[in-house]
Amino acid sequence: MECINAKYVSQKISKTRWRPISYSSLQQPEIFATGSWDNEDNKISIWSVGTNGGSGLEDELEGDPQLLCEHKHDGDVLDLQFLDQDRIVTASSSGAVTIFRHHQNTQAMSISQHWARAHRYPCNNAPCTGVVCSSPEIVTVGEDGGIIVFRADHEGVIRVIENADSSTIHAVTYLRTTEILTVNSIGQLKLWDFRQQSNSPSQILSLSGDRVPLHCVDRHPNQQHIVATGGQDGMLCVWDVRQGNAPFSLMEAHSAEMWEVHFHPTNPDHLFTCSEDGSLLHWETSSHSDMPSFLQGGRNSSIISRSAMAPAGGNQSLISAWLSGDSSKGHLETTHMLPSQTLSVNSLDVLGQYLVCGTDGEAIFVNRQVPV
């Protein structure tokens, strides 16, 4: 626990994301963004963990997050993604989608684009619940069951699927360059192919039995047919979208709602989940291959980001440890990453050996020695 820095910020943190880093420079993450919710005035904030510069000594306070700048946010921040090094896209409970620009020279923030009431009901706003970016494209989903495609620096809307879902869509991620994947409040996982003019999903997968709401989804960074989801019952589900319409495996993860699930972007044998029950879990499964998993199906992207830039392909014949039976209890190690918590851990992000999470306890935790 000695490598964890806690920062109390006097606001409930709903989302946190690392700024993308250059894949070739071997740099460590330094900047991250947070969004708040359920506060009188919500904000989007930019923080530095101060790993670059300084004395170079192992100072106890070196990793403490330092606030660089912040900007008022209209409504709760329900999702947040970096579009590039300078721009951040937020999804608001007001239904709005906003692009903020971080001016790194002056450490200030401004709004560069704003789509008010992007998601709405006939007579009211509908919360925008999720956003994913593949610059310059931005895809959002909402409580209204709609899917909207925007393009940065383009004022209009590129595409709208108004009634994509009859229930709330809780989260979205890219599966491939032209395909997205959504999860909803009745336990369904839907694939959408933007090459098709149809406003219907190309595939629907679902949990059998009770229609347990799914809250979060992430795609394996190298093998895009492997997907992890989490939901209201705290179960971690791993899916192979090529085979069948039900999850490949289900694991008891948390005692309350799972809010986020993330594969490590370069070492996907490691996976992280956080929950309403106040816990943050690190899951590790072993790979059969002698080659490090972060080299398997290696993507050609020059930037690593949580914001799901579609992979460049890779060797899809390699069998992931998540689908090889190693995800059975005997071959899966689970570690608690936080000291005892009582309030919800709402969001996490991991990049390199750095992990950040935000809580309802008005705290940000940064771990700079994630064992991956």
Side-chain angles (χ1 to χ4, degrees), residues 1-21 28-54 59-73 76-82 88-91 100 102 104 107 109 216 254 257-262 264-265 272-282 305-307 335-370 372:
M1 298 300 177
E2 66 277 357
C3 55
I4 292 181
N5 296 81
K7 179 83 169 183
Y8 293 91
V9 295
S10 303
Q11 51 185 348
K12 293 182 180 179
I13 299 297
S14 56
K15 288 292 167 180
T16 179
R17 296 287 181 259
W18 289 109
R19 187 176 73 184
I21 60 175
Q28 288 289 357
E30 181 184 7
I31 305 295
F32 66 91
T34 60
S36 70
W37 82 291
D38 197 29
N39 303 289
E40 195 167 317
D41 291 309
N42 289 300
K43 299 172 182 175
I44 177 172
S45 307
I46 304 290
W47 305 82
S48 169
V49 292
T51 54
N52 293 345
D59 184 3
E60 181 86 28
L61 300 176
E62 183 191 359
D64 275 0
Q66 303 296 319
L67 180 65
L68 298 180
C69 55
E70 60 188 12
H71 197 287
K72 187 176 185 297
H73 187 272
D76 296 338
V77 179
L78 298 188
D79 203 0
L80 177 157
Q81 297 288 349
F82 274 89
I88 301 158
V89 185
T90 64
F100 291 88
H102 175 208
Q104 297 184 43
Q107 295 303 344
M109 294 183 75
C216 54
H254 298 277
E257 293 94 332
M258 186 193 300
W259 293 130
E260 285 195 352
V261 56
H262 290 311
H264 191 281
F272 302 83
T273 59
C274 64
S275 169
E276 179 74 25
D277 66 11
S279 65
L280 174 76
L281 296 182
H282 172 200
S305 168
R306 167 59 51 207
S307 184
T335 308
H336 282 267
M337 298 285 291
L338 287 180
S340 179
Q341 277 279 300
T342 55
L343 295 176
S344 176
V345 181
N346 296 324
S347 182
L348 74 97
D349 198 19
V350 61
L351 199 53
Q353 286 190 302
Y354 283 53
L355 182 144
V356 61
C357 69
T359 73
D360 270 356
E362 302 189 344
I364 302 166
F365 293 92
V366 176
N367 185 327
R368 295 185 296 151
Q369 296 177 23
V370 176
V372 295

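With sequence neighbours left out, the side-chain hydrogen bond (donor to acceptor under 3.5 Å, both in side chains) criterion links Lys12 to Asp38. Qualifying side-chain hydrogen bond (donor to acceptor under 3.5 Å, both in side chains) partners for His71, counting only residues two or more places apart in sequence or in other chains: none. Applying the side-chain hydrogen bond (donor to acceptor under 3.5 Å, both in side chains) rule to Asn367 yields no partners; only residues at least two apart in sequence or on another chain are considered. Applying the side chain to side chain contact (heavy atoms under 4.5 Å, CB included) test to Ser14 and every residue at least two apart in sequence or in another chain returns Trp37, Val77. Residues forming a ring-ring contact (aromatic ring centres under 6.0 Å, His included) with His282 (at least two apart in sequence, or on another chain): His270, Phe272. With sequence neighbours excluded, the residues that form a side chain to side chain contact (heavy atoms under 4.5 Å, CB included) with Leu343 are Asp360. Residues satisfying the side-chain hydrogen bond (donor to acceptor under 3.5 Å, both in side chains) criterion with Ser347, sequence neighbours excluded, are Arg17, Glu260. Annotation: side chain to side chain contact (heavy atoms under 4.5 Å, CB included) contacts of Cys69 (sequence neighbours excluded): Ile46, His102, Gln107, Met109. Every residue two or more places apart in sequence or in another chain was checked for a salt bridge (charged side-chain N to carboxylate O under 4.0 Å, His left out) with Glu276, and none qualifies.
Annotation: the span from Asp76 atom CG to Asn42 atom CG amounts to 5.0 Å, rounded to 0.5 Å. In this structure, Leu80 CG and Ile44 CD1 are separated by 4.5 Å, a value rounded to the nearest 0.5 Å.
Taking the six-membered ring where tryptophan is involved, the planes of Phe32 and Trp47 are essentially parallel, since the angle between them stays under 30° and well short of 60°.
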Please report the C-alpha distance between His254 and Ser279 in whole Å, then the side-chain angles of each, then the deciding distance to 0.1 Å, and finally whether the side-chain hydrogen bond (donor to acceptor under 3.5 Å, both in side chains) criterion is met.
-> CA-CA 8 Å; His254 298 277; Ser279 65; 2.8 Å; yes
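Contact annotation: the side chain of Arg368 approaches that of Asn5 to within less than 4.5 Å [non-hydrogen atoms, C-beta and beyond].
Annotation for His264 and Leu351: closest pair NE2-C, 4.4 Å, computed over non-hydrogen atoms. Taking every heavy atom of both residues into account, Ile31 and Leu68 meet most closely at CD1-CD1, 3.6 Å. Pairing each heavy atom of Trp18 with each of Val49, the nearest pair is CH2-CG1, 4.0 Å. The minimum heavy-atom distance linking Gln28 with Gly352 is given by the pair OE1-CA, 4.4 Å.
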